[in-house]
Amino acid sequence: MDNKPVDIGRLGAIRCVIAPEPRTTLEGDQRRDREGNPLWITGLSIRQAEGRKTDVVHVVTSGQPQGLTEGGEVRVTNLWANEWAVDGRTGTTYRADAITPASGSGGGSASAAAAAGPRGKSAGGDS
């Protein structure tokens with residue numbers, strides 16, 4: 001597994017496309033982080049700043065993001081991409097410290113404090 005910080009400043013507009021939902025096990029129980037906090041998953045669309053391409057990624061947070069509306073622009077704090085491989089399958093999962101509504105959501109680029117690093121390639125996976 002390879003964890004990489006994502007440089008949010010290099011991305012374009014980030015919007016909530018699927019409201020936060022509990023991240024669950026196959027049995028339906030809510031997953032928890034190492035400290036016992038419940039995990040939530042939120043679908044975000046990211047429009048690349050330099051073009052028309054848009055990607056949808058599912059981002060996991062500890063604790064439920066508050067105040068998000070579907071279609072609303074958001075800010076993501078400390079986003080990390082984790083590449084994984086299991087039984088011949090591969091993917092990338094995303095984790096952030098927080099997802100919050102962007103103030104004055106009227107277009108433009110969403111940015112947050114994040115470490116510099118390359119952008120992940122796709123969403124999916126179970127970690």
Side-chain angles (χ1 to χ4, degrees):
M1 289 194 217
D2 191 16
N3 279 327
K4 298 177 184 177
V6 178
D7 182 0
I8 298 292
R10 294 181 52 206
L11 304 177
I14 302 174
R15 295 190 179 278
C16 175
V17 292
I18 302 173
E21 299 174 351
R23 179 137 192 246
T24 58
T25 64
L26 293 175
E27 294 79 25
D29 298 321
Q30 188 164 14
R31 291 179 186 238
R32 297 187 176 274
D33 64 13
R34 289 183 177 113
E35 289 78 41
N37 300 312
L39 296 177
W40 292 80
I41 189 161
T42 306
L44 303 178
S45 71
I46 301 171
R47 181 174 179 196
Q48 295 179 6
E50 66 278 356
R52 296 184 47 85
K53 185 174 180 185
T54 301
D55 294 309
V56 174
V57 297
H58 300 277
V59 179
V60 174
T61 54
S62 292
Q64 183 177 10
Q66 298 294 316
L68 304 185
T69 57
E70 290 186 1
E73 193 167 350
V74 298
R75 294 191 188 283
V76 180
T77 303
N78 201 19
L79 180 63
W80 284 77
N82 179 37
E83 296 179 7
W84 58 269
V86 176
D87 296 329
R89 298 179 317 142
T90 62
T92 304
T93 55
Y94 296 89
R95 185 158 177 118
D97 287 348
I99 303 171
T100 56
S103 58
S105 295
S109 170
S111 62
R119 188 171 154 254
K121 60 182 176 188
S122 66
D126 281 334
S127 31

Colleague: Would you check, one step at a time, whether the test side chain to side chain contact (heavy atoms under 4.5 Å, CB included) holds for Asp55 with Ser45?
Modeller: CA-CA 6 Å; Asp55 294 309; Ser45 71; over 6 Å; no
Colleague: Can you give me the closest heavy-atom contact between Ile41 and Pro22, atom names plus distance?
Modeller: CG2-O, 4.4 Å
Colleague: May I ask you to test the Leu11-Val6 pair for a side-chain heavy-atom distance under 4.5 Å?
Modeller: yes
Colleague: Given side chains that start at C-beta, do those of Gln66 and Pro20 come closer than 4.5 Å, heavy atoms only?
Modeller: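 The answer is no, as the side chains (C-beta and beyond) never meet within the 4.5 Å cut-off.
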Colleague: Applying side chain to side chain contact (heavy atoms under 4.5 Å, CB included), run through Thr54 and Arg15 and close with a yes or a no.
Modeller: CA-CA 11 Å; Thr54 301; Arg15 295 190 179 278; over 6 Å; no
Colleague: Would you say that Val60 contacts Thr93 through its side chain, given a criterion of any heavy-atom pair below 4.5 Å between the two side chains?
Modeller: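 No - every pair of side-chain heavy atoms lies 4.5 Å or more apart.
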Colleague: Do the non-hydrogen side-chain atoms of Arg52 and Arg47 ever get within less than 4.5 Å of each other?
Modeller: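 Touching, per the 4.5 Å side-chain cut-off.
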Colleague: Between Ile46 and Val57, what is the shortest heavy-atom contact and its length?
Modeller: CD1-CG2, 3.8 Å
Colleague: Please check if the side chain of Gln48 supplies one atom and the backbone of Gly12 the other of a donor-acceptor pair under 3.5 Å.
Modeller: no
Colleague: Transitively linked via ILVMFWY side-chain contacts under 4.5 Å: Trp40 with Leu44?
Modeller: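 They do not share one cluster, since no chain of ILVMFWY contacts under 4.5 Å joins Trp40 to Leu44.
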Colleague: List the atom of Pro65, the atom of Ile99, and the distance in Å for their closest heavy-atom pair.
Modeller: CB-O, 3.5 Å
Colleague: Taking the side chain as every heavy atom from C-beta outward, state whether His58 and Ile18 have any atom pair closer than 4.5 Å.
Modeller: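 Result yes, sub-4.5 Å side-chain heavy-atom pair found.
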Colleague: With a 4.5 Å limit on heavy-atom distance, are the side chains of Lys4 and Thr92 in contact?
Modeller: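 Side-chain contact under 4.5 Å: no.
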Colleague: Hey, could you give me the OG1/CG distance between Thr61 and Leu39, rounded to the nearest 0.5 Å?
Modeller: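 Thr61 atom OG1 to Leu39 atom CG measures 7.5 Å (nearest 0.5 Å).
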Colleague: Does Arg32 reach the main-chain N or O of Asn37 with its side chain, forming a donor-acceptor pair under 3.5 Å?
Modeller: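 Here the side-chain-to-backbone pair does not exist.
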Colleague: For the residue pair Pro5 and Leu79, establish whether any side-chain heavy-atom pair is separated by less than 4.5 Å.
Modeller: no
